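Right, one structure below, let's go through it.
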Amino acid sequence: MKLIIANRTYSSWSLRAWLAVKASGHPFEEQLVLLRQADTRASILRWSPSGKLPCLIDNELAIWDSLAIAEYLAEETPPLWPLDGASRAVARSISAEMHSGFQALRSQMPMNLRRNAPLKTLSPELVADIQRIETLWTECRQRFGDRDPYLFGAWSIADMMYAPVCLRFESYQVELGPVARDYLQHVLAHPHILEWRAAAEQETAVIPDYDV
Ligand SMILES: N[C@@H](CCC(=O)N[C@@H](CS)C(=O)NCC(=O)O)C(=O)O
């Protein structure tokens with residue numbers, strides 16, 4: 001398998017798919033396409049028909065879009081979704097909510113692993129997104145969390161979908177209640193997150209749009 005990703009510093013969608021491939025245990029090759037270069041679009045289109053990354057290549061098959069990649073990998077073992085049906089349904093709901101929503105968070109608080117400063121002001125829409133995420137994490141931990149520290153106990157696609165949000169909340173120094181803060185700290189300590197960040201530190205490209 002080969003996973004085509006964009007800049008590790010900035011590409012939250014690439015991180016989500018990369019976490020799913022790592023959790024699947026499949027050996028894979030990574031190929032990086034830098035965003036905002038003269039040949040970025042052509043380079044992405046060599047692999048991904050949507051013109052967006054990430055894209056997973058499995059032999060002749062291309063699977064694009066982070067959630068589709070996670071679902072493709074979840075069809076095999078080890079399980080990437082919670083085993084219990086009700087937990088799995090809620091895990092899918094919150095993953096879909098992340099994938100299709102939180103526009104203010106995405107546009108006003110882009111992932112930038114080099115950042116370490118709060119925003120000067122938070123719009124009401126951004127505050128609402130942050131509050132919704134905090135509620136969702138707290139409820140999942142309280143309803144479904146077990147001995148393991150993630151949203152549904154064991155590390156799952158739901159955590160992978162929210163991992164870039166944990167990184168944003170850390171970078172932008174967002175204040176959270178104790179349950180959400182504890183969850184975030186466990187995600188940031190996950191070995192796959194540490195590995196991604198270490199690779200991101202080697203990158204030098206700067207994209208001003210992500211430097212809000
Ligand atoms: N819904 C897609 C979103 C993918 C996306 O927006 N990817 C960005 C990078 S994070 C991209 O490829 N942008 C192309 C460009 O900026 O040229 C997914 O979940 O994978």
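As the structure lists them, so they are numbered: ligands from 1, and atoms in each ligand from 1. All heavy atoms count here, side chains included; hydrogens, waters and symmetry mates do not. Owing to the predicted nature of the structure, the values given are computational and were not obtained by experimental measurement.
- Shortest contact from atom 15 (C) of ligand 1 to any protein heavy atom: Leu35 CD2, 3.7 Å.
- Numbered from 1 in the order shown, with element, the atoms of ligand 1 that lie under 4.0 Å from a heavy atom of Arg36 read 16 (O).
- The closest approach between Ser14 and ligand 1 stays at or above 4.0 Å for every heavy atom of the residue.
- A salt bridge does not link Asp211 with Arg114: every distance from a Lys NZ or Arg NE/NH1/NH2 to an Asp or Glu carboxylate oxygen is 4.0 Å or more.
- In this comparison of Leu53, Ile44, Thr40, the heavy atom closest to atom 12 (O) of ligand 1 sits on Leu53.
- Counting only heavy atoms of the protein, atom 20 (O) of ligand 1 lies nearest to Ser66 N, 2.8 Å.
- Atoms of ligand 1 found under 4.0 Å from any heavy atom of Pro54 (numbered from 1 in listed order, with element): 20 (O).
- Centroid-to-centroid, the aromatic rings of Trp196 and His190 stay 6.0 Å apart or farther.
- Using a cut-off of 4.0 Å between Lys/Arg side-chain N and Asp/Glu carboxylate O, Arg181 and Glu134 are scored as not salt-bridged.
- The closest approach between a heavy atom of His99 and any atom of ligand 1 is below 4.0 Å.
- A donor-acceptor contact shorter than 3.5 Å links the side chain of Ser171 to the backbone of Leu167.
- Both the backbone and the side chain of Asp65 come within 4.0 Å of ligand 1, counting heavy atoms alone.
- Residue contact check: Ser11 has heavy atoms under 4.0 Å from atoms 9 (C), 10 (S) of ligand 1.
- Taking the six-membered ring wherever Trp is involved, the centroid distance between the rings of Trp137 and Phe169 falls below 6.0 Å.
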Steps toward ring-ring contact (aromatic ring centres under 6.0 Å, His included) verdict (His99, Trp13)
CA-CA 9 Å; His99 193 249; Trp13 298 113; 5.3 Å; yes
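- Here the side chain of Arg115 pairs a donor or acceptor atom with the backbone of Ala117 at under 3.5 angstrom.
- Here the heavy atom of the protein found nearest to atom 6 (O) of ligand 1 is Lys52 CD, 3.5 Å.
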